[in-house]
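As structure tokens, the structure follows; a few thoughts come after it.
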Amino acid sequence: MPLTTAQQTRLQDDLQGLIKGEVRCGEVTQQLFSTDASVLQARPVCIVTPRNTEDVVAVVRYAAEAGIPLHSRGAGTSLTGESLGEGIVLVFSRYMRRILETGDDFVTIQPGLLRRRLNGILGQSQHRIFGPLAGSVYSASLGSILARNGAGIHYLRNGLPSDHLVSMTVVLANGDLLKLDRQSLIQPLQGVGSVALAQEIAYGKEYVYAGKIARILENRTSEQRVESANRLPVCRAGYAEHAVLQGNEAKHIDLARLFAGSEGTFGILVEATLKTVSLPLHKTAVVFFFNSLSKAIEAVADILPLHPILCELIDRRRLNMVRDWDARYRPLIPVDAEAALLVELDAGTHEAPMNVTDCQDRLNHLIDLIQTKQLCYHSLPVNTEDDFQLFNQVIRRSELVLGRMRHTIQPFPLFDDVAVPVPAINDVVSKLLTLFHQFKVTASLSGHVGQGHLRIHPLLNLTQPDTKLVLPSLAESVYSTILKHGGTISSEWGTGLLKSQFLPQQFPHLLPLFREIKETFDPQYLLNPGKVIPQGVHWIDHLRHGLEKRGVPSKRTTGSSGNWFSKPWQQGEAAPSQLEIQLKWEPSYISESAYQCNGCGECLRFDRESRICPLFRGTATVEFAPRSKADLLRGILEKDIDLETLTGERAKTIADTCFQCRMCDIECPSQIDISLLAFRSKAAYVAAHGLPLDDLIVSRLDNVLNLLTPVNGLFNAAMRNQVVRWLCEKMFHISQGRTVPALAGRPFLHRIRWSALRHGLSSEQTEKVRVALFVDTFVNHFDPQLAELAVQILEHNGCAVHVPARQRPSGLRSFAVGHADRAERLARRNITQLSDLIRQGYKIISLEPSSASCLTKDYRHLLDHHESEMMAENVADFCSFLLQQYRAGKFQEDFQQIPYRAGYHAPCRGLAISASLTTDATPAEKLLNLIPDLEVERIERGCCGMSGLWGAQQKNYRHSLHIGTPLFRALRQPEIDFGVSDCNACCSQMAHGSRKRALHPIRLLAVGYGFSPFSALDW
Ligand SMILES: Cc1cc2nc3c(=O)[nH]c(=O)nc-3n(C[C@H](O)[C@H](O)[C@H](O)COP(=O)(O)OP(=O)(O)OC[C@H]3O[C@@H](n4cnc5c(N)ncnc54)[C@H](O)[C@@H]3O)c2cc1C
Ligand code: SF4
Ligand code: SF4
């Protein structure tokens, strides 16, 4: 339903006048909400972020009058396009995400609250949680969990979310606000006209609706009753009409159960009261490995009598990919395993305690049983808390891992969520495999098999035009096989836009009844139309446009002429437009990253186990998440939005919410280079408007400092003056809250001008490890002594050190602000010089991980494959290099004692280059632990919020401190003497926030070796 600009403006003004929340109708925002984690897309007319129930009611009444559809949305991670649509999207994840009341065994919440967050809070304060583990672990909102009512991984213990529902408050399509719970139908309400009104006033609207639904259900035909009775317990297709009417004579009607699983098509949830359950007392689990898929499925029948609470199947392909993804699994997952079953047994709760020995006995019995029957060939009991972490992670990673596939064969999530009766699984699987064979398709398989659930991903080559043609008949055949065996087309995720069309196949008799119920609540089909009740649109018409481009390697980004600025225009290609030339727009430069994002929502996390994404976390605004950068550029590549959009303020705001910490590189399951996408967006804006003064200063900081160096005394004195700092803030937008470090009289690269360091190696040094020191702007101008200590330490460890005199700053800051021309100029100069040195056998050592990651990662798109590999292998940050030396037995450990306790913060870019988990010890930590008596405590509280000069800019100052606050709090503990981090920007932020000294590891190593006095550690 495309609107004209005038209509859009009117819609935005009208709605904004009615509500306190936010209303956006611009094309950038529309683009960001036109996809979710499914393969579909639909462009909404407007996005509303309500602040409260009154906002929701106002929007619904307005939409009802104007006849505009409404789609509720949490995090937008549904896999069936459930929250997509062409009307107004109501986003609950921003403001309506509070806990309203907590009781001993219940909690009242708003719909945008994440299940993960609720359980974190309840778990800590009450040792209780909301039980059902339905939806994606990190980003599923409770509104969506209730709207889908999916079984979830612990169904065998917890049942469905609706089993834990006390009541819900919903807004109907006409704006009526209802509180739904289990009602007793004392007398049928059948009045009309004024009698109906009187009844409504006497009993409430809820009773009127309950009466209507009761009548519809009582009139079910015998075929409908049979269809209802034959549903699988975990069936999530259609409406839950079977669960509503309870009792025979004295009828109860539970409308909340009917609304649960209705996919936002009956009403909009604004509040819910949920039962809570206590946390399990113990845990006990085992992983079985099988040499055939069928044996794994056969074992399920033997496992179920022992009351597992989880029984998950993972096939060979996923096991192999998980092993490749995470080195911790390499010794655990046998290479020849064809399938694995992960089984967790019920181990009791506070309400129903179980003896630990009994649990262990049951587990041992289970292992014996499966081994004696020679079903599995290897088993791995899960004992410790660390084992459980790995156990849970392998399940999650097996869901996400196919997103890492980078070739043209891609997993297609069409049969992700089917279920069949457990005894039929083996039969169904073998029939499906035969079917895939006929269609010449391979598939990957997993699922919660203990409850009959199967996740089947055909691996398709969507670049082939035939594939799209084959898809509908493949879908028909697969679904009819499932249905013939008494299965369901959806077990957890609902039917959404993707599967609703198959509902008549599953419920030929019940479908008219579903329509009748839907029309009782929403006669105009305004609430989430196209979901559950099919509306004649084929799912294939909603397929994401660029799907066939996912996984297609970009032709131009490989080979030495692969970078965008050196690629000449070729005959036969469409000539670039004037704007394209101006913006240096090169689609192939970004397409691989933009298309690879599958919307999984893993970047919408708030938990402490990850760092992605510091800028999203502070705002909870999904437009600022990493995913949005990919969505935006994909929209341009698809021509859904104009290229010109990138030169607009909204696109700039989206791009600016990436400060290129590079955590996406390791934490996005699909390993998408979001920094690159943000850089290209920023560069396009800069090409059209030029750099604002504050960004220009950031980008050209080295030039500015070169100019100031001759008057460094004056500069340093001025920077201690509040008035001058205030003036700097007004003129150059450098926050006056920041302390500017003292500028050195002679930068390091000047100091070595006459030293031997700048001339290659002498003949007696040729046997030593050759090291070329890369010194970036901060150390060069503000802390040259750090570089001198680094040289001393390297020489002490047997290295021959050379400092290339003509090196230029890395360009990190120019990349950060989108100053593409300069970033690329600096990169070119450094690449030429450093690759020459590498060819001569030098290792390039940078003093900070941020510079190392710039040389290896940010430059990657300017290099051909060979150069790229060469840089990656030969560039390292200082501590990583010394750790390599330590491992090679070439590290001196002649340290003196340092009896202090240091709080260590790992810089984000450091984690990104080593591709480490946030929990892994970093090279700096390992080295510092070699110093006697020095206690190094890792403080993992996420990003520090500084990111180079980002946090020094006035516009970012507060946000920067907000991001760093958890780290500051930890550092302020009295037992920590000082902070340590191998990034100077992190050190300055840590010192600023904690009021304690923060040091680079080089300083501690230097004190340890006796190159610096102990006083160097003093504040
Ligand atoms: C990697 C991955 C793994 C997943 N694993 C699972 C899994 O194991 N099991 C599972 O069940 N799902 C799984 N999902 C699917 C997804 O996580 C769930 O659908 C999740 O509940 C969606 O949460 P959301 O907040 O993103 O909802 P959205 O996608 O925003 O919305 C989902 C549905 O809820 C409705 N809704 C949202 N808020 C309201 C409201 N206030 N009122 C009325 N209706 C509302 C929407 O209209 C829509 O129909 C997975 C997804 C991903 C990406
Ligand atoms: S950026 Fe990565 S983590 Fe975020 S939605 Fe895309 S694929 Fe998922
Ligand atoms: S690189 Fe960092 S700041 Fe940028 S989107 Fe990824 S996690 Fe966020």
Side-chain angles (χ1 to χ4, degrees), residues 36-38 56 70-85 89-93 96 110-112 114-115 132-153 168 170-171 236 259 262-270 272 395-396 399-400 403 413 416-417 448 453 455 491-494 496 527-528 531-532 593 596-605 611-617 624-631 657-665 667-675 677-678 908-909 912 943 947 950:
D36 56 5
S38 71
V56 179
L70 288 156
H71 317 275
S72 307
R73 181 162 167 135
T77 61
S78 141
L79 290 142
T80 57
E82 277 176 312
S83 66
L84 302 181
V89 169
L90 284 158
V91 181
F92 288 94
S93 55
M96 293 186 65
Q110 290 185 315
L114 299 186
R115 191 250 339 271
L133 249 181
S136 64
V137 176
Y138 292 106
S139 54
S141 63
L142 286 156
S144 80
I145 288 173
L146 295 172
R148 296 177 323 106
N149 201 27
I153 198 163
M168 50 163 80
V170 296
V171 182
R236 259 301 306 118
F259 272 61
S262 64
E263 302 183 30
T265 60
F266 289 163
I268 296 170
L269 177 73
V270 286
I395 298 176
R396 241 173 48 72
E399 286 175 14
L400 295 161
D416 265 27
D417 174 39
H448 322 318
H453 172 262
R455 209 182 279 123
S491 161
E492 308 204 317
W493 302 353
L527 295 181
N528 220 4
K531 326 292 154 55
V532 189
S593 299
Q596 191 73 23
C597 172
N598 56 15
C600 71
E602 285 291 297
C603 51
L604 306 171
R605 294 171 63 165
R611 290 197 182 183
I612 195 172
C613 157
L615 285 177
F616 161 72
R617 284 166 188 256
F624 298 162
R627 177 171 80 173
S628 63
K629 283 79 177 174
D631 284 340
T657 50
C658 171
F659 56 29
Q660 300 182 315
C661 69
R662 286 209 164 270
M663 286 313 291
C664 296
D665 288 13
E667 294 198 352
C668 158
S670 306
Q671 298 178 295
I672 297 176
D673 193 345
I674 295 288
S675 311
L677 299 181
C908 297
R909 277 192 173 237
C943 175
S947 192
W950 183 87

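All values derive from a computational prediction rather than experimental measurement. Every number for a ligand or one of its atoms is a count from 1 in the order of the listing.
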Where's the contact between Cys600 and ligand 2, heavy-atom distance under 4.0 Å: side chain, backbone, both or neither?
both
Compute the minimum heavy-atom distance from [X] to ligand 1 and say whether it is under 4.0 Å.
X      : answer
Asn528 : yes
Leu400 : yes
Ser78  : yes
Gly76  : yes

Less than 3.5 Å between some nitrogen or oxygen of [X] and one of ligand 1, yes or no?
X      : answer
Ser141 : yes
Ala75  : yes
Gly267 : no
Glu492 : yes
His71  : no
Leu269 : yes
Cys600 : no

Quick one: look up the protein heavy atom nearest [atom] and list residue, atom name and how far away it is.
atom                    : answer
atom 2 (Fe) of ligand 2 : Cys668 SG, 2.4 Å
atom 7 (S) of ligand 2  : Asn598 OD1, 3.5 Å
atom 33 (C) of ligand 1 : Glu82 OE1, 3.7 Å
atom 4 (Fe) of ligand 2 : Cys603 SG, 2.3 Å
atom 15 (C) of ligand 1 : Leu79 CD1, 3.5 Å
atom 35 (C) of ligand 1 : Ala147 CB, 3.5 Å
atom 10 (C) of ligand 1 : Trp493 NE1, 2.9 Å
atom 3 (S) of ligand 3  : Phe659 N, 3.4 Å
atom 8 (Fe) of ligand 3 : Cys613 SG, 2.4 Å
atom 47 (O) of ligand 1 : Ser72 O, 2.7 Å
atom 1 (S) of ligand 3  : Arg662 N, 3.2 Å
atom 6 (Fe) of ligand 2 : Cys597 SG, 2.4 Å

Is any NZ, NE, NH1 or NH2 atom of the basic residue among Glu602 and Arg396 found under 4.0 Å from an Asp or Glu carboxylate oxygen of the other?
yes
Charged N-O contact under 4.0 Å between Arg455 and Glu399:
yes
Within the 4.0 Å heavy-atom shell around Ile674, which atoms of ligand 3 are there?
5 (S)
Report yes if some heavy atom in the side chain of [X] is under 4.5 Å from a heavy atom in the side chain of [Y]; otherwise report no.
X      : Y      : result
Leu269 : Phe259 : no
Arg662 : Arg909 : yes
Ile674 : Arg627 : no
Gln596 : Gln671 : no
Val56  : Met96  : yes
Phe659 : Pro614 : yes
His71  : Leu84  : no
Leu615 : Trp950 : yes

Judged by non-hydrogen atoms, does Ser675 sit under 4.0 Å from ligand 3?
yes
Which heavy atom in Ser139 sits nearest to a heavy atom in Cys600, and how many Å separate them?
OG-O, 4.4 Å
What atoms of ligand 2 come closer than 4.0 angstrom to any heavy atom of [X]?
X      : result
Gly601 : 5 (S), 8 (Fe)
Pro669 : 3 (S)
Glu602 : 3 (S)
Ile672 : 7 (S)

Out of [options], indicate the one that has the non-hydrogen atom closest to [atom].
atom                    : options                : result
atom 30 (O) of ligand 1 : Gly74, Pro669, Gly143  : Gly74
atom 16 (C) of ligand 1 : Val91, Ile268, Thr77   : Thr77
atom 21 (O) of ligand 1 : Pro132, Ser144, Ser136 : Ser144

Hey, what do you get for [atom1] ([X]) to [atom2] ([Y]), rounding to the nearest 0.5 Å?
X      : Y      : atom1 : atom2 : result
Lys531 : Ser83  : NZ    : OG    : 7.0 Å
Asp673 : Cys668 : CG    : SG    : 10.0 Å
Ser262 : Asn149 : OG    : CG    : 9.5 Å
Thr265 : Leu70  : OG1   : CG    : 12.5 Å

Aromatic rings His448 and His453: how do their planes relate, parallel, tilted or perpendicular, breaks at 30° and 60°?
parallel
Strictly distance-based, threshold 3.5 Å: is any side-chain N or O of Arg605 a donor or acceptor partner for the main-chain N or O of Arg611?
no
Using a strict cut-off of 4.0 Å, indicate which atoms of ligand 1 neighbour a heavy atom of [X].
X      : value
Glu399 : 3 (C), 4 (C), 5 (N), 8 (O)
Ala37  : 53 (C)
Arg73  : 30 (O)
Gly264 : 43 (C), 44 (N)
Pro111 : 41 (N)

Compute whether any side-chain donor of one residue and acceptor of the other, for Ser675 and Lys629, lie under 3.5 angstrom apart.
no
Heavy atom of Ala630 under 4.0 Å from ligand 2?
no
Between Cys661 and atom 2 (Fe) of ligand 3, is there a contact where an N/O/S atom of the residue lies under 2.8 Å from the metal?
yes
